[in-house]
Amino acid sequence: MTDLATLLEVGGPVAALGGGAAYARARHPGVYWSTVGLPVSTVRLLSSYSSVMEACGLTVAPSRLRVLAVKATTRREVRPVPPRRGIIRPTATGLRVRLRLAPGQEPADVAASAERLRHAWGVHAVYVTTVKPGVVELRLVGFDVLRRVRMPRKLRPDLLRVPVALREDATPFVRDYRTVPHQLTLGATLSGKSMYLRHLVAGLARQPVALVGIDCKRGVELAPFAPRLSALATDPEQAAELLPVLVREMENRYDLIKTRQGIAPSTPDEEITSDIWGLPEHERPVPVVLFVDEVAELFLVATKKDEERRDEKVTQLIRLAQLGRAAGIYLEVCGQRFGAELGKGATMLRAQLTGRVCHRVNDEASAKMALGDIAPEAVSAACAIAPERPGLAVAGDTTGGWSRIRTPYLSLSDAAETCRESAHLVPDLPALKPFRPDVPVRPPVETPGPAVLPRPVTD
């Protein structure tokens, strides 16, 4: 009886501790990683590093000098040499450690063993990045960071750079318009495409840029951001009037660059290699970001009479994509499908959109439209996105690299409030004033007056 009572006294706290750890792992994986996962994985890495590297084929034969030194000082067996390991640096989501590759090894050898390293050290995933020739960094992620997205707190804000999502390796996905000027974002209904667009608008609203929208769904996506928009077209007819104005604005900026640099006015725009960023700050025009939601609506026509007008809109959009970067005009094109079946000019426009983000789509052909021409191996990853994870997407670019990302939740009211607070940042562009959306006046908040107590009744 005494032994049983002692066992119960000891087992109760142990069971409670185990239950608490299981609850933290399911509900608060970051807390579980910091308290349990981090020390356990660190011990596993330190104790099994050499044997794991040897099992993964990442060791090389020791040098002759090393063999002679070992034989001269000890009698132990001379074992293969693993890559030299650096200091282990813990993070809020995992571990980082740098490896100096042995002669004859390459980063691809380590990347091919990432899945084996993940199982050996008990982490969620292992990613390999090249730091410099001969040095790679292992990024060990302790848990699924895309299940509940939490953006890193320390993010440096910069002009035309918006941290909009989180990568699967726990690094922020930053939409940098200076590096990737134009982007295509595809996604089916309820896939999270609108949330991605919402983050972009809210992030750019705080910056000195002009935001222009073409929303052919009668403005239901972009109208809530009207206080911060310099122009908004809510149907194809208005878009047909707005696009020529943007093209003329682009041409005027090219004329400004020519005047500043002494280039002959007759020089074609295609031969100008500079851009507005070479101008002095007081002469530099404000950057313009054009959001096009449901781009297919600009291509669809009901009768043959509308084909000529459709071709004009598409041609102007292609001109902005080809020449707009140097003039500080950037495109963010969104839709559910975007392929050659839309008509003439669709493939040419898509070829100008360097960045690609593909949310959940309804068929494989849509994923190929977004990623097939830049990263074919990413198509299967885009098709595997589950409906239960809205906001999850595959991001790629023309370099062939791609990664899974997920956008954190941002309510429409919060994004709209950000635009209202930033309304004073709307730049003065006279050409776009006719297209400035009407901003509804918010009704005043009624404040209750002082309570009036009834007079006491006296006899």
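Please read these numbers as outputs of a predicted model, since none were measured by experiment.
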- Task: Can you measure from CG (Leu99) to CZ (Arg84) and round to the nearest 0.5 angstrom?
- Result: 11.5 Å
- Lys/Arg-Asp/Glu bridge criterion (N-O < 4.0 Å) met for Glu297, Arg218: no
- Message: Could you check whether any side-chain N or O of His182 sits under 3.5 Å from a backbone N or O of Ala321, counting only pairs where one atom can act as donor and the other as acceptor?
- Response: yes
- Query: Do the charged groups of Lys193 and Asp293 touch, with an N to O distance under 4.0 Å?
  - Reply: no
- Message: Checking the side chain of Asp169 only, and the main-chain atoms of Tyr127 only, is there a donor and an acceptor separated by less than 3.5 Å?
- Response: no
- Item | Plane angle bin for Phe299 and Phe338 - parallel if under 30°, tilted between 30 and 60°, otherwise perpendicular | perpendicular
- Message: Looking at every non-hydrogen atom in both residues, tell me the closest pair between Ser403 and Arg167 and how far apart they are.
- Response: OG-NH1, 2.6 Å
- Item | CD1-CG distance between Ile214 and Leu243, expressed to the nearest 0.5 angstrom | 4.0 Å
- Message: For Val128 and Leu138: C-alpha separation, side-chain torsions, deciding distance, then whether side-chain contact (heavy atoms from CB on, under 4.5 Å) applies.
- Response: CA-CA 5 Å; Val128 182; Leu138 296 184; 3.6 Å; yes
- Task: Check whether any side-chain heavy atom of Val97 sits under 4.5 Å from a side-chain heavy atom of Tyr49, and report yes or no.
- Result: no
- Report yes or no: does Asp215 contribute a side-chain atom to a donor-acceptor pair with the main-chain N or O of Val220 at less than 3.5 Å? yes
- Note on the structure: On a heavy-atom basis, the closest approach of Arg253 and Pro287 is NH1-CA, 4.3 Å
- Note on the structure: On a heavy-atom basis, the closest approach of Pro90 and Leu95 is CA-CD2, 3.7 Å
- Query: If you round to the nearest 0.5 Å, how far is OG1 of Thr347 from CG of Asp373?
  - Reply: 9.5 Å
- Message: Could you walk me through whether Asp176 and Asp158 satisfy the side-chain contact (heavy atoms from CB on, under 4.5 Å) test, starting with their C-alpha distance in whole Å, then the side-chain angles of each, then the deciding distance to 0.1 Å, before giving a yes or no?
- Response: CA-CA 9 Å; Asp176 189 351; Asp158 200 1; over 6 Å; no
- Query: For the side chain of Arg406 and the backbone of Arg147, is there at least one donor-acceptor N/O pair under 3.5 Å apart?
  - Reply: yes
- Task: Count the heavy atoms of every other residue, nucleotide or ligand shown that sit under 6.0 Å from CD of Glu364, and state whether that count exceeds 12.
- Result: no
- Message: Does atom NZ (Lys344) have a neighbourhood of more than 12 heavy atoms from anything else shown, all under 6.0 Å?
- Response: no
- Item | Exam field: side chain Glu283 to backbone Pro280, donor-acceptor pair closer than 3.5 Å | no
- Can the positive tip of Arg175 be found less than 6.0 Å from the middle of the six-membered ring of Phe173, inside 45° of the ring normal? no
- Please name the residue in the list Lys132, Arg100, Arg89 that meets the salt bridge (charged side-chain N to carboxylate O under 4.0 Å, His left out) test with Glu137. Arg89
- Task: Could you tell me whether a side-chain N or O of Tyr330 sits under 3.5 Å from a main-chain N or O of Leu160, the two making a donor and an acceptor?
- Result: no
- Please examine the side chains of Tyr177 and Val209, heavy atoms only from C-beta on, and report whether any two atoms are closer than 4.5 Å. no
- Output, in order, the C-alpha distance, side-chain angles, deciding distance and verdict of side-chain contact (heavy atoms from CB on, under 4.5 Å) for Leu186 and Leu371. CA-CA 10 Å; Leu186 294 185; Leu371 303 169; over 6 Å; no
- Message: Minimum heavy-atom separation for Cys358 and Ala382, please, with both atom names.
- Response: SG-CB, 3.9 Å
- Item | Nearest-0.5 Å distance, CG of residue Leu146 to CZ of residue Arg404 | 9.0 Å
- Query: So, the side chain of His124 versus the backbone of Val141: is there a donor-acceptor pair under 3.5 Å, distance only?
  - Reply: no
- Message: For Ala239 versus Leu298, what's the shortest heavy-atom pair and its separation?
- Response: CB-CD2, 3.8 Å
- Query: So, do Val162 and Leu204 sit near enough that their side-chain heavy atoms are less than 4.5 Å apart?
  - Reply: yes
- Query: Would the number of heavy atoms belonging to other residues, nucleotides or ligands and lying under 6.0 Å from CG of Leu190 be above 12?
  - Reply: no
- Query: For the atom pair CD (Glu294) and CZ (Arg337), what is the distance rounded to the nearest 0.5 Å?
  - Reply: 13.0 Å
- Note, Gln336 side chain near Thr189 side chain (heavy atom, < 4.5 Å): yes
- Worked verdict on Ile257 versus Leu279 for side-chain contact (heavy atoms from CB on, under 4.5 Å): CA-CA 7 Å; Ile257 296 173; Leu279 299 175; 4.2 Å; yes
- Message: Taking the side chain as everything from C-beta on, heavy atoms only, tell me whether Arg356 gets closer than 4.5 Å to Arg350.
- Response: yes
- Message: Taking Arg284 first and then Glu281, would you say they form a salt bridge - that is, a charged N and a carboxylate O separated by under 4.0 Å?
- Response: no
- In plain terms, say whether Asp414 and Arg198 are close enough for a salt bridge, that is, a side-chain N and a carboxylate O under 4.0 Å apart. no
- Item | Spatial distance of atom CG (Leu425) from atom OG (Ser230) [nearest 0.5 Å] | 10.5 Å
- Contact check, side chains of Leu229 and Cys419, non-hydrogen atoms, under 4.5 Å: no
- Side chains of Leu246 and Leu432 in contact at under 4.5 Å (non-hydrogen atoms): yes
- Message: Could you check whether any side-chain heavy atom of Arg206 comes within less than 4.5 Å of a side-chain heavy atom of Glu421, counting everything from C-beta outward?
- Response: no
- Message: For a quick test of reading the model, state the closest non-hydrogen atom pair linking Val286 to Pro208 and the distance between them.
- Response: CG2-O, 3.2 Å
